[in-house]
Engineer: 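Starting off with a structure, shown below.
Naming: A, B, ... by sequence-line order, numbering from 1 per chain.
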2 protein chains.
Amino acid sequence: MCQKPIQVLVVDDHQIIIDGMKSILQDEETVQFAGGANTMQEALDFIDQHQVDVIIMDISMPGHSGIEITRMIKEKYPDVKVLALTMHDEIDIIADMIDAGASGYLLKKANMNEVLDALQTVARGQRYLGSKVQDILMDDFSQRRSTRQNREYESQLLTPREKEILQLMLREFSNDKIAEKLFISIRTVETHRRNIFTKTNTKNVVGLIKYAMKQGLTQNESQA
Amino acid sequence: MCQKPIQVLVVDDHQIIIDGMKSILQDEETVQFAGGANTMQEALDFIDQHQVDVIIMDISMPGHSGIEITRMIKEKYPDVKVLALTMHDEIDIIADMIDAGASGYLLKKANMNEVLDALQTVARGQRYLGSKVQDILMDDFSQRRSTRQNREYESQLLTPREKEILQLMLREFSNDKIAEKLFISIRTVETHRRNIFTKTNTKNVVGLIKYAMKQGLTQNESQA
DNA sequence: GGAAAATTACGTAGTTTTACGTAGATGATT
DNA sequence: AATCATCTACGTAAAACTACGTAATTTTCC
């Protein structure tokens with residue numbers, strides 16, 4: 001789906017973080033470290049002159065906060081995705097950041113795998129929240145009310161039949177077993193499958209499972 | 001890996017549960033409702049005369065508790081797996097049940113998918129704990145000490161290299177991409193892959209992911 | 001009654017994965 | 001020196017999946 005590497009800009013006032021990210025991202029073919037910026041101005045200049053897909057954004061920065069920078073960037077370049085990577089775990093900051101337009105939020109204790117995962121996820125237009133962050137949000141979910149957020153993948157994305165097929169895929173059925181069980185042709189299953197992949201913006205079972213988990217389609221709340 | 005359906009015996013003093021399980025299991029090819037039993041004696045008799053792979057066991061039963069029954073059954077028929085399905089969420093009961101030899105523990109609020117998943121998991125010799133149950137156990141983990149349990153999949157099951165490949169699989173790399181990244185032949189990757197499947201008792205990526213999640217090899221604590 | 005969405009399905013061709021067996025190289029352990 | 005675990009890799013054949021395009025039925029909804 002996305003063959004060319006994701007261009008990543010790292011915005012952080014600590015150069016060490018930028019350097020670290022650079023070296024981490026370096027031996028990945030799927031992502032490419034495009035550059036780093038220590039200030040808002042640097043960041044804006046950079047985006048102006050380079051192709052950037054995702055920005056890894058720190059929040060606590062002198063001068064303008066990551067939140068402001070994000071808001072500004074999303075105004076000028078709505079297509080650029082912002083992934084917050086910070087140590088702040090306060091609900092308000094997270095909320096503000098998301099409100100400002102961030103597509104993902106990770107705590108700095110996240111490991112490389114998570115970062116890479118998050119990069120890919122936000123790059124393809126979905127949101128990504130680290131598991132810790134999810135917990136924090138959940139806890140706060142009831143009182144806080146929503147801010148007209150873009151709800152890119154809300155739920156009725158998949159048709160009932162597609163969900164059914166997804167369920168079976170998650171239960172390790174192969175295409176022909178699914179066909180057998182549902183009394184349809186394997187060709188049909190393949191078509192559904194293809195549509196599921198397309199709709200969910202995934203390209204293989206692994207991605208799909210991650211999607212399903214994110215949607216809570218795995219164990220709980222399915223149409224058992 | 002297991003072609004013939006898993007023979008399931010349901011032991012519960014409430015007939016309605018047995019009937020319910022029967023109808024649920026009926027339209028599954030992978031499992032087969034073999035029979036039901038309301039008492040220990042019935043259960044023992046049944047096992048004596050039929051092929052049984054997994055027993056779904058309630059705990060609160062008049063006369064002998066599910067724990068006793070489990071202990072007795074595991075003594076006589078160690079190969080028969082017991083899956084506790086109950087509403088008891090007290091740590092002591094769970095622990096006793098596991099101690100008695102149960103391979104899995106599910107709360108009755110679990111849905112069909114979870115039950116089916118659990119059945120397959122225990123049938124192939126692994127343990128299965130519902131997510132709630134895991135939480136409960138976790139909370140209590142530090143003080144309670146172990147009872148020489150069979151530790152079928154303890155951790156050092158996979159070699160470092162295998163873990164590395166697993167990581168990449170989880171990150172949606174195809175075999176040839178893995179080969180490329182690690183500078184080895186795709187044949188080698190295939191071999192590793194095969195060994196991983198064998199060792200983890202899984203047969204496809206979906207199963208493997210579930211395994212990985214259970215082991216916490218996905219996001220957190222990997223060797224990033 | 002007609003448009004739109006959902007479900008069904010085929011063809012063709014290519015790619016990827018699985019299944020099994022085998023086996024050399026290396027390093028650690030005893 | 002021998003054993004064991006790990007990592008490496010090939011061959012062969014079959015099974016499964018992927019990619020794209022197309023399109024006939026139903027169903028659903030306005």
Engineer: Whole angstroms only, please: what is the CD1-C1' distance between Ile196(B) and dT17(C)?
Structural biologist: 14 Å
Engineer: Measure the distance from CD1 on Ile178(B) to P on dT15(C) and round it to the nearest whole Å.
Structural biologist: 19 Å
Engineer: Given Arg161(B) and Glu164(B), is the salt bridge (charged side-chain N to carboxylate O under 4.0 Å, His left out) satisfied, shown in steps?
Structural biologist: CA-CA 5 Å; Arg161(B) 196 53 154 180; Glu164(B) 202 173 355; 3.0 Å; yes
Engineer: Find out whether Ile55(B) and Ile47(B) are in side-chain contact, i.e. whether some heavy atom of one side chain is under 4.5 Å from a heavy atom of the other.
Structural biologist: yes
Engineer: Nearest whole angstrom, please: distance from the C1' of dT18(C) to the CD of Glu172(A).
Structural biologist: 15 Å
Engineer: Taking the side chain as every heavy atom from C-beta outward, state whether Arg194(A) and Thr191(A) have any atom pair closer than 4.5 Å.
Structural biologist: yes
Engineer: Just N and O in the side chain of Ser174(A): are any of them under 4.0 Å from OP1 or OP2 of dA15(D)?
Structural biologist: no
Engineer: Ile186(B) CD1 to dT18(C) P: how many Å, rounded?
Structural biologist: 11 Å
Engineer: With a 4.5 Å heavy-atom cut-off, do Phe173(B) and Val206(A) have their side chains touching?
Structural biologist: no
Engineer: Using a cut-off of under 3.5 Å, enumerate the N/O to N/O pairs linking the protein to nucleotides 18-24 of chain D.
Structural biologist:
| unit_1 | atom_1 | unit_2 | atom_2 | d |
| --- | --- | --- | --- | --- |
| dT18(D) | OP2 | Arg193(A) | NE | 2.6 |
| dT18(D) | OP2 | Arg193(A) | NH2 | 3.1 |
| dC20(D) | N4 | Arg194(A) | NH2 | 3.2 |
| dG21(D) | O6 | Arg194(A) | NH2 | 3.3 |

Engineer: For the helix from dG1(C)-dC30(D) to dT30(C)-dA1(D), how many degrees between its two end axes (five pairs per end), to the nearest 10°?
Structural biologist: 50°
Engineer: On the nucleotide dA5(D), are OP1 or OP2 found under 4.0 Å from the side-chain N or O atoms that Thr159(B) carries?
Structural biologist: no
Engineer: Rounded to whole Å, how long is the line connecting atom CD of Glu162(A) with atom C1' of dT8(C)?
Structural biologist: 12 Å
Engineer: Might you work through the salt bridge (charged side-chain N to carboxylate O under 4.0 Å, His left out) test for Glu190(A) and Arg187(A), ending with a clear yes or no?
Structural biologist: CA-CA 5 Å; Glu190(A) 284 165 4; Arg187(A) 291 345 217 10; 3.8 Å; yes
Engineer: Take the protein atom CE of Met169(B) and the nucleotide atom P of dT16(C), then report the distance between them rounded to whole Å.
Structural biologist: 15 Å
Engineer: Send over the distance from Asn195(B) CG to dT18(C) P, rounded to a whole Å.
Structural biologist: 13 Å
Engineer: dT7(C) phosphate, OP1 or OP2: any side-chain N/O from His192(A) under 4.0 angstrom?
Structural biologist: no
Engineer: Does any part of the side chain of Leu170(B), heavy atoms only, come nearer than 4.5 Å to the side chain of Ile209(B), both counted from C-beta?
Structural biologist: yes
Engineer: Starting from C1' on dT8(C), measure out to CD1 on Ile165(A) and report it in whole angstrom.
Structural biologist: 10 Å
Engineer: Looking at dA9(C), dC7(D), dA16(D), which one has an atom nearest to any side-chain atom of Ile184(A)?
Structural biologist: dA9(C)
Engineer: OP1, OP2 of dT8(C) versus side-chain N and O of Thr188(A): anything below 4.0 Å?
Structural biologist: no
Engineer: Are any of the side-chain heavy atoms of Glu180(B) and Asp176(B) separated by less than 4.5 Å?
Structural biologist: no
Engineer: Compare all side-chain heavy atoms of Arg193(A) with those of Met169(A) and state whether any distance is below 4.5 angstrom.
Structural biologist: yes
